[in-house]
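Data first, discussion second: the structure below is written as structure tokens.
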Amino acid sequence: MVSIAIDGPAGAGKSTIARQAAKIMGYIYVDTGALYRAIGLFTLENHVDVTQQDQVEGMLSKMEIELAFFEGEQHVFLCGKDVSQEIRTPEVSMAASRVSAVPAIRTFLFDLQRNIAKKHSVIMDGRDIGTVVLPDAQLKIFLTASPEERARRRYEELRQNGATDSYEEVLKDLKERDYQDSHREIAPLRPAEDAIEMDTTGLSLQQSVDRVIALIKERLP
Ligand code: DC
């Protein structure tokens with residue numbers, strides 16, 4: 001099985017680039033952020049305070065979370081319900097960032113992510129894929145772009161989905177999430193020592209995908 005890890009901050013283009021590269025290579029694209037988002041959604045709907053250990057334990061004991069792949073597209077199921085669309089709101093993004101700092105939640109998701117990579121050739125994107133989840137991945141890429149460019153991309157994406165958040169709000173949220181994600185104690189966002197860093201600022205989607213494919217072909221002839 002081939003494992004390719006793509007990590008980086010929110011809005012660096014990980015999901016769009018990874019999805020297209022996976023399609024070209026015939027691998028499964030796994031968006032691990034969707035798992036943290038689904039748990040974030042659960043905490044919002046069920047008023048779970050993740051700073052309270054007993055509440056986290058209670059939640060994890062009853063929560064069922066699953067990933068399924070239909071025609072190459074990932075769907076995330078929370079307690080049997082497909083929540084793939086619902087998890088794409090700014091509120092869920094912030095909740096996901098909060099739940100992702102809780103060690104018990106990261107442990108809970110670890111096996112799920114590892115098991116997918118055992119069964120399929122994958123391009124997996126997230127924050128700790130190269131450092132924690134798939135430390136033996138054949139290729140690790142750390143994708144970045146300037147905060148302003150990342151906020152601009154997120155803003156366009158949200159607008160297309162009908163959201164009314166301003167660019168300034170999106171930029172502020174993104175900087176806050178960057179801070180939370182890279183300053184948490186457990187599995188903070190950082191490049192693995194053997195990751196190749198790629199800055200997508202000013203690159204088109206096509207150029208970014210081409211670079212990733214070139215790296216894969218170089219590494220896996
Ligand atoms: O990639 P995303 O924006 O969908 O991720 C949502 C949140 O989940 C993000 O704030 C960081 C967290 N996350 C994580 O800690 N580890 C991962 N492997 C993926 C996401």
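Counting convention: from 1, in listed order, for ligands and their atoms alike.
- Contact annotation for R184 and ligand 1: only side-chain heavy atoms (C-beta onward) come within less than 4.0 Å of the ligand.
- Of the protein's heavy atoms, Y36 CB, 3.4 Å lies nearest to atom 8 (O) of ligand 1.
- Within ligand 1, counting atoms from 1 as listed, the ones closer than 4.0 Å to a heavy atom of S97 are 10 (O).
- Any N or O atom pair closer than 3.5 Å counts here, and D128 shares at least one such pair with ligand 1.
- Atom numbering of ligand 1 starts at 1 in the shown order; those under 4.0 Å from a heavy atom of R37 are 2 (P), 3 (O), 4 (O), 6 (C).
- Donor-acceptor pairing under 3.5 Å is lacking for the side chains of N161 and E157.
- The residue Q180 has no part lying near ligand 1, judged by heavy-atom distances below 4.0 Å.
- Ionic pairing of R88 and D31 is present here: one or more N-O contacts between side-chain nitrogen and carboxylate oxygen are shorter than 4.0 angstrom.
- Nearest protein neighbour of atom 11 (C) of ligand 1, counting heavy atoms only, is D181 OD2, 3.5 Å.
- One distance of note links CG of D199 with CZ of F142; it measures 11.0 Å at 0.5 Å rounding.
- Inclusion of R177 in the set of residues having an N or O under 3.5 Å from an N or O of ligand 1 is warranted.
- For the pair D128 and R106, the salt-bridge criterion is met [side-chain N within less than 4.0 Å of a carboxylate O].
- Judged by distance alone, the side chains of S93 and R37 do bring a donor and an acceptor atom under 3.5 Å apart.
- Among the atoms of R127, some N or O lies under 3.5 angstrom from an N or O of ligand 1.
- Of all protein heavy atoms, the one closest to atom 19 (C) of ligand 1 is T32 OG1, 3.4 Å.
- Among the atoms of S93, none of the N or O lies under 3.5 angstrom from an N or O of ligand 1.
- Salt-bridge formation is detected for the pair R152/E149: a Lys NZ or Arg NE/NH1/NH2 atom is positioned less than 4.0 Å from an Asp or Glu carboxylate oxygen.
- Checked against K81 for a salt bridge (Lys or Arg N to Asp or Glu O under 4.0 Å), the options E64, E86, E66 give a single hit: E86.
- Nearest to atom 7 (C) of ligand 1 by heavy-atom distance, out of A95, A101, A96, is A96.
- Side-chain contact check for R190 and S182: no donor-acceptor pair (N or O, by modelled atom type) lies under 3.5 Å.
- To the nearest 0.5 angstrom, I17 atom CD1 is 10.0 Å from D125 atom CG.
- Within the 4.0 Å heavy-atom shell around ligand 1 one finds R106.
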